[in-house]
Amino acid sequence: MMSETNVLTKKERVIVYIDGFNLYFGMLEAGLDYCKWLDLILLSNNLLQSNQVLVEVKYFTSRVSNNPEKQKRQNTYIEALEAIDVNIFFGNYQSDKIECKRCQNVWPKFNEKMTDVNIATQILIDAYQDKYDMAMLISGDSDLVPPMRAVHEIFKNKRVFAAFPPKRHNQSVSLVAKGSLTIGRKKLVDSQFQLEVIKKDGYVLKKPKHWS
């Protein structure tokens, strides 16, 4: 008599790479600023299929400067993400200026540096170390097309999937990605932190008032 065998379907391992500023400004442009208190682990799980398992979430951002209130809100959010074990990678937030040659007025301009390089580096390192089967990229930045293409060319059994933030769909990214979607309002609304997040040391973080 033959013994019964259970056939287990191996789940696709997923690491999520989030371009913080691309997501943030996409939500603002879409009028979804009330979704800033976003639980990125919950969002990532809400974007996965039943045959997939979340391995890790990596969040790429830069610390804002020259605005104490914004800095305080960002610090609170970063601490909330660290409390749920999101891995955070920092680039640089550089101050520049725009000058009107006609009227001689000067306006400050801020540029984020290093995020696309940091994302590209992590996606390739993690592929080389066989940490994922699918990399989910939450960004619409076309600068990330080369590392996406490199993963597909070098690691034939891996794929990069694009999850576009609101208002950030990019055709060049979509053409290279092996699968894509646009994150809708409901996914963001359903992926919010509770009003309070407890850090590992017991300290209670509260949702910034301006984010209500």
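Being a predicted model, the structure only gives us computed values, none of them experimental. FYI, side chains are in, hydrogens and waters are out, and symmetry mates aren't considered; it's all heavy atoms of this structure.
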Next item on the list: Just jot down the side chain to side chain contact (heavy atoms under 4.5 Å, CB included) partners of V117, sequence neighbours excluded, or say none.
Entry: T121
Next item on the list: Apply the test side chain to side chain contact (heavy atoms under 4.5 Å, CB included) to residues L28 and K36: give CA-CA distance (whole Å), side-chain angles for both, the deciding distance (0.1 Å), then the verdict.
Entry: CA-CA 9 Å; L28 289 190; K36 292 177 187 175; 3.5 Å; yes
Next item on the list: Could you check K200 against E82 for salt bridge (charged side-chain N to carboxylate O under 4.0 Å, His left out), going step by step and ending with a plain yes or no?
Entry: CA-CA 9 Å; K200 291 179 173 61; E82 289 174 335; over 6 Å; no
Check: How far apart are the C-alpha atoms of L137 and M148, what are their side-chain angles, what is the distance that settles it, and do they pass the side chain to side chain contact (heavy atoms under 4.5 Å, CB included) test?
Finding: CA-CA 9 Å; L137 175 63; M148 294 171 69; 3.9 Å; yes
Next item on the list: Find out whether T182 and P166 are in side-chain contact, i.e. whether some heavy atom of one side chain is under 4.5 Å from a heavy atom of the other.
Entry: no
With a cut-off of 3.5 Å and sequence neighbours excluded, list every side-chain donor-acceptor pair involving residues 42-54.
residue : atom : partner : partner atom : Å
S44     : OG   : L40     : O            : 2.7
N45     : ND2  : I41     : O            : 3.3
N46     : ND2  : L42     : O            : 3.3
N46     : ND2  : S191    : OG           : 2.8
Q52     : OE1  : Q49     : N            : 2.8
Q52     : NE2  : E12     : OE1          : 2.8

Margin query: Test of understanding: with ring pair (Phe, Tyr, Trp, His ring centres under 6.0 Å), list the residues that count as partners of Y59, not counting sequence neighbours.
Written below: none
Item checked: Cationic N near anionic O, under 4.0 Å, K58 to D126 -> yes
Note to self: Quiz question: by atom type and distance under 3.5 Å, do the side chains of S172 and N170 form a donor-acceptor pair?
What the structure shows: yes
Item checked: Passing option when W211 is tested against Y77, F193, Y24 for ring pair (Phe, Tyr, Trp, His ring centres under 6.0 Å) -> Y77
Note to self: Could you work out, with ring pair (Phe, Tyr, Trp, His ring centres under 6.0 Å) as the rule, every residue matching F161, not counting sequence neighbours?
What the structure shows: none
Margin query: If the condition is side chain to side chain contact (heavy atoms under 4.5 Å, CB included), which residues does Y34 pass it with, not counting sequence neighbours?
Written below: L32, R185, V189
Margin query: Is the shortest side-chain heavy-atom distance between K131 and V55 below 4.5 Å?
Written below: no
Check: Taking C-beta and beyond as the side chain, do F60 and I119 meet within less than 4.5 Å on heavy atoms?
Finding: yes
Notebook entry, point to check: Are S139 and I18 side-chain neighbours, meaning at least one heavy-atom pair lies under 4.5 Å?
Noted result: no
Note to self: So, applying side-chain hydrogen bond (donor to acceptor under 3.5 Å, both in side chains) with D133, which one of R13, K158, R159 is it?
What the structure shows: R13
Item checked: Those residues that, when tested against A162, pass side chain to side chain contact (heavy atoms under 4.5 Å, CB included) (two or more places apart) -> F164, V173, A177, S180
Check: Considering all heavy atoms of both residues, which atom of I88 and which atom of F90 are nearest to each other, and what is their separation?
Finding: CG2-CZ, 3.6 Å
Checklist line | Verify same cluster id: M136, I125 (apolar side-chain graph, 4.5 Å) | finding: no
Note to self: Please tell me whether E56 and N87 have a donor and an acceptor in their side chains that are separated by less than 3.5 angstrom.
What the structure shows: yes
Notebook entry, point to check: Heavy-atom distance under 4.5 Å between the side chains of E69 and N67, does that happen here?
Noted result: yes
Check: With hydrophobic residues grouped by side-chain heavy-atom distances under 4.5 Å, do V197 and L195 end up in a single group?
Finding: no
Notebook entry, point to check: Quick check: does any side chain N or O of Y132 sit under 3.5 Å from a backbone N or O of I123, one acting as donor and the other as acceptor?
Noted result: yes
Checklist line | CG on L38 to CG on L188, rounded to 0.5 Å | finding: 6.0 Å
